Amino acid sequence: MTTATGIFAEPAPKFSAEGLAAVLAEHWALTDPQLKPLDSERDLNVLVDGRFVLKISNPAEDAAVVDMETRALEHVHAADPGLPVPETVVTASGEPVAHPRDDAGRTCLARLITLLPGSPLEGGPLDEDLAEQVGVVAARVSVALQGYFHAAAGRTLLWDIRRVPEVVATAVVGAGRLGELAERVAPALAATATLPSGVQHADVTLTNVLASRATVTGVIDFGDMHHTAAVADLAATLTSVLRFSGGDANRLWRLTDAVLRGYQRHRELSAAEVAVLGELVIARLLTTLAVSAARRDAHSDNHRYITQYDTNSEQALDLLAALSPAELADRLARLAGTRDLTNAISPEDLPARRAAAMGGKLSPLFYRHPLELVRGEGPWLVARDGARYLDAYNNVAVIGHTHPAVTRAVSRQLAELNTHSRYLHAGIAELAERILATMPEPLDTILFTTSGTEANELAWRLATEFTGGGAAVIAEHAYHGASKWMADLSSNEWPAGYRPAHVATFEAPHGAPDELTETVAVERIRLAGETLSAAGERPALVLADSQFTSEGILDAPGEFVAGLVSGAHAAGALFLADEVQSGYGRGGPRLWRFLLAGVTPDLVTLGKPMGAGYPIGAVVTRREIADVLARDYEYFSTFAATPAAAAAGHAVLDVLQLTGLPAQAAATGEVLRSGLREVAAGEPLLGAVRGTGLLAGVDVRSSGATPSRAVTKALLAELVAQGVLAGSTGPGGDVLKVRPPLVWEQRHVTLFLDRLRRALAALRD
């Protein structure tokens, strides 16, 4: 071996029982101690009085290394007081280390540390629960050592797996297969240079993890500490566990899963770390076998200790090395949750495979040439080919795509707890209170759902129970959800000739504002009620999207909306404001579009934007309405009001309320519509511009023999070509729908208008 491995070449300290007693008496005032030798690779460890461990380092050990270990224990205790690691007992003179001479006259460094309960897991039974606990303590030690630095951590150490090619070549004559595998892992070893690193324990193995009654009770022996990648530290832990697989592949992967579960509860692994983890485990196994081969003959008195892992290491190595690096990395990525799903199917095969598995025409895609999107950030979406698109359509990402506040909040909560709402959880109750605080006073009850569709279904149940009616009145081209019930209440989804007997429609508020009075709205609801009465039906609910988005984004005057409410009540029905598309700050600081109309609905439904990508919805109503349903039923939805959903909901509200996004959205929307009107004024293909807040609808006209719907589709395709994603709406599918995330600023409006002009010019060419 090289000169850097002197502590492995130098014989361990030699002390007689009398000599040990003298050391303990002189430096720690311990007399007549009860001593029991403990295993050690290169040092001398002795159990003292069943309470302490006397650690006498190899005479070749550097004093700075011992100082590093001592200070590391202090750091870990401060960083994670609940983590069971030993404490150093200072000498009578107040020093952490004594300097006795052994029987051969060699000066050694001696420390006395507290004894932790339990016995080493090595050699005993190991189930998946214990393996998971080992993963937990490995991560906790690594995290606790973050921020710790010591100059001695840069030492050259035989057990540093980054040195495996050198160790194998030096230790094993005619390295053969071990040499080939050392070459195989070299790229992974090199990759650790760019991964998260620090001073690591590097030996949280079954030899150094203590347990009692199937519970981990401590981590000992910081003697192999050095500066390395955190994933290399994990590799040492995982290797020691996988030696228990006994050559059984299924057991090996179950143990791997257990360790990763435990580890990632406290330290999340990056995809880059997982990509090299398998190769680092192979490197650790190679190191184990190479060190054993080099030392077993030279230290025959310690042969059992040195060779104890050989057979199990070879079995684990056989299982892992049988997989290619790519196969091994893929398996670990699947278990760690870092698999790259973006590249799971080739771009060439993706359209056909999606269509074959997902219903074909039943689940269509946007645009003439469907996009494969792989990433989002703020107002931008990125395709697999790297093309970047300004998002002018998606209100789900109300505070921008992949907002870190939502991502972190949901991830943190998922890592802690996510279960259904039959249990108390403060986050859920507080979210309910926060949303209710934004509503008019009579609305005092909120029921969470998983989507806008489910919210509208629940509102329908509430209305039918409260009123005793069984029919609904909707706008003539409404959309309120995708379920069977809601499809019947979504007239823009009806196939030709279909009209449910329990549903009547009212004329949407097209036309001049001064013609859309409260009286007009009341009359429209009355006429719809008569239609239902003629069919033997009694209305329970009048519902409308507050911005009439599906009808073409209509600016209904407050008087008209008030007429819908009073018309509903006159018919014995409740009024529902569907805020799924128009709410959550899109209309400005008051958050809800119906408030701009000056009305108070009986029911309000919320959806898409609530979780900014995490599924959550809600119905807001009065307690008297909810109580009627509660007389005969309970409401429960497994994934409604989970702690993770609540975390997403809080994060969205926090960003909206603390950053003033709704006010910005209202101002940006004014700029957007003003710019759209300027474009439309000189463009024969565009007509009226409507909208409130950060929402705009632009009528698209026919072009010669080409109908307006076809022109709209062509315009959307040209916008995609210009790097903008928009949508269409309206009864004829001929209204350009601009409904971007609220993070749009004036520069995004300027870019959108520029690309719209280019797209229109391309249609004329």
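Note that these values count all heavy atoms, side chains included, but never hydrogens, waters or copies made by symmetry. Fair warning: this is a prediction, and the values are worked out from it, not measured in the lab.
A donor-acceptor pair shorter than 3.5 Å cannot be found between the side chains of Asn492 and Glu476. If you check the side chains of Ser546 and Glu579, you find a donor sitting under 3.5 Å from an acceptor.
Applying the salt bridge (charged side-chain N to carboxylate O under 4.0 Å, His left out) test to Arg538 and every residue at least two apart in sequence or in another chain returns nothing. With sequence neighbours left out, Tyr393 forms a ring-ring contact (aromatic ring centres under 6.0 Å, His included) with Phe366. The salt bridge (charged side-chain N to carboxylate O under 4.0 Å, His left out) search around Glu537 returns none, not counting sequence neighbours. Applying the side chain to side chain donor-acceptor pair (under 3.5 Å) test to Gln657 and every residue at least two apart in sequence or in another chain returns Arg434.
Every pair passing side-chain hydrogen bond (donor to acceptor under 3.5 Å, both in side chains) that includes a residue from residues 447-460 is listed here, sequence neighbours excluded: Thr450-Glu454, Glu454-Tyr635, Glu454-Ser637, Asn456-Asp578, Asn456-Thr605, Glu457-Ser483. Every pair passing side-chain hydrogen bond (donor to acceptor under 3.5 Å, both in side chains) that includes a residue from residues 700-713 is listed here, sequence neighbours excluded: Ser708-Asp734.
Glu551 places no side-chain N or O within 3.5 Å of a backbone atom of Pro731 that could act as its donor or acceptor partner. The closest donor-acceptor contact from the side chain of Thr642 to the backbone of Thr638 lies at 3.5 Å or more, if one exists at all. Judged purely by atom type and a 3.5 angstrom limit, Thr692 has no side-chain atom pairing as donor or acceptor with the backbone of Gly587. Looking only at distances, a side-chain donor or acceptor of Arg586 sits under 3.5 Å from a matching main-chain atom of Leu694. When atom types are taken as modelled, the side chain of Asp391 and the backbone of Asn394 share a donor-acceptor pair closer than 3.5 angstrom. With hydrogens and angles disregarded, no donor-acceptor distance shorter than 3.5 Å links the side chain of Asn418 to the backbone of Ala645. With Arg524 contributing its side chain and Ala508 its backbone, the two residues share a donor-acceptor pair below 3.5 Å. One N or O on the side chain of Arg590 and one on the backbone of Leu595 form a donor-acceptor pair closer than 3.5 Å. Arg673 contributes a side-chain N or O that, together with a main-chain N or O of Leu695, makes up a donor-acceptor pair within less than 3.5 Å. A side-chain donor-acceptor contact under 3.5 Å links Ser490 to the backbone of His480.
Atom-to-atom distance recorded for Thr729:OG1 and His477:NE2 is 6.5 Å, nearest 0.5 angstrom. A distance of 3.5 Å separates OG1 of Thr445 from CZ of Arg623, quoted to the nearest 0.5 Å. Considering CD1 of Ile474 and CE of Met486, their distance stands at 9.5 Å, rounded to 0.5 Å. Interatomic distance, Asn395 CG to Leu742 CG, rounded to the nearest 0.5 Å: 8.5 Å. Separating the OG1 atom in Thr668 from the CD atom in Gln746 is a distance of 6.5 Å, to the nearest 0.5 Å. One distance of note links CD of Glu465 with CG of Leu629; it measures 5.5 Å at 0.5 Å rounding.
A salt bridge links Asp488 with Lys484: the distance from a Lys NZ or Arg NE/NH1/NH2 to an Asp or Glu carboxylate oxygen falls below 4.0 Å. Between Glu634 and Arg422 a salt bridge is recorded (basic side-chain N to carboxylate O distance below 4.0 Å). Ionic pairing of Arg690 and Asp699 is present here: one or more N-O contacts between side-chain nitrogen and carboxylate oxygen are shorter than 4.0 angstrom. Salt-bridge annotation for Arg388 and Glu377: absent, with no side-chain N of the basic residue lying under 4.0 Å from a carboxylate O of the acidic one.
By the 4.5 Å heavy-atom criterion applied to side chains, Leu390 and Trp380 are counted as neighbours. Residues Leu541 and Thr464 have side chains not in contact (no heavy-atom distance under 4.5 Å, counting atoms from C-beta outward). For the pair Glu624 and Phe466, the minimum side-chain heavy-atom distance is below 4.5 Å. For the pair Leu381/Leu371, no side-chain contact is recorded, criterion being any heavy-atom separation below 4.5 Å from C-beta on. Looking at heavy atoms from C-beta onward, Leu431 lies in side-chain contact with Leu653 at the 4.5 angstrom threshold. The shortest distance between side-chain heavy atoms of Leu574 and Leu462 does not fall below 4.5 Å. Looking at Glu523 and Val520, their side chains never come closer than 4.5 Å, going by heavy atoms from C-beta outward. By the 4.5 Å heavy-atom criterion applied to side chains, Met439 and Ile446 are not counted as neighbours.
The two residues Leu543 and Phe506 come nearest to each other via the heavy atoms O-CE2, 4.3 Å. Shown here for Ser566 and Val522, the closest heavy-atom pair between the two residues is OG-CG2, 3.3 Å. Across Ala405 and Ala651, no two heavy atoms sit closer than the pair O-CB, 3.7 Å. Phe560 and Pro509 get closest at one heavy-atom pair: CE2-CB, 3.7 Å. Of all non-hydrogen atoms in Leu576 and Ala459, the two that sit nearest each other are CD1-CB, 3.1 Å. The two residues Ala726 and Tyr367 have their closest heavy-atom pair at O-OH, 2.9 Å.
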Are Tyr614 and Gln413 close enough, and set up right, to give a side chain to side chain contact (heavy atoms under 4.5 Å, CB included), and what steps lead you there?
CA-CA 12 Å; Tyr614 193 94; Gln413 188 58 57; over 6 Å; no
Please walk me through it: do Leu676 and Leu756 pass side chain to side chain contact (heavy atoms under 4.5 Å, CB included)?
CA-CA 9 Å; Leu676 286 170; Leu756 176 61; 3.6 Å; yes
Would Gln664 and Thr659 satisfy side chain to side chain contact (heavy atoms under 4.5 Å, CB included), going step by step from the backbone distance to the final call?
CA-CA 9 Å; Gln664 174 183 298; Thr659 66; over 6 Å; no
Kindly determine whether Leu753 and Arg757 satisfy side chain to side chain contact (heavy atoms under 4.5 Å, CB included), including the steps that lead there.
CA-CA 6 Å; Leu753 295 173; Arg757 292 186 181 94; 3.8 Å; yes
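When the shell of 6.0 Å around CG of Leu658 is examined, it contains more than 12 heavy atoms from other residues, nucleotides or ligands. Residue Tyr633 qualifies as open at atom OH: its count of foreign heavy atoms under 6.0 Å is 12 or below.
Below 30°, between 30° and 60°, or above 60°: for Phe752 and Trp744 the angle between ring planes is between 30° and 60°, a tilted geometry.
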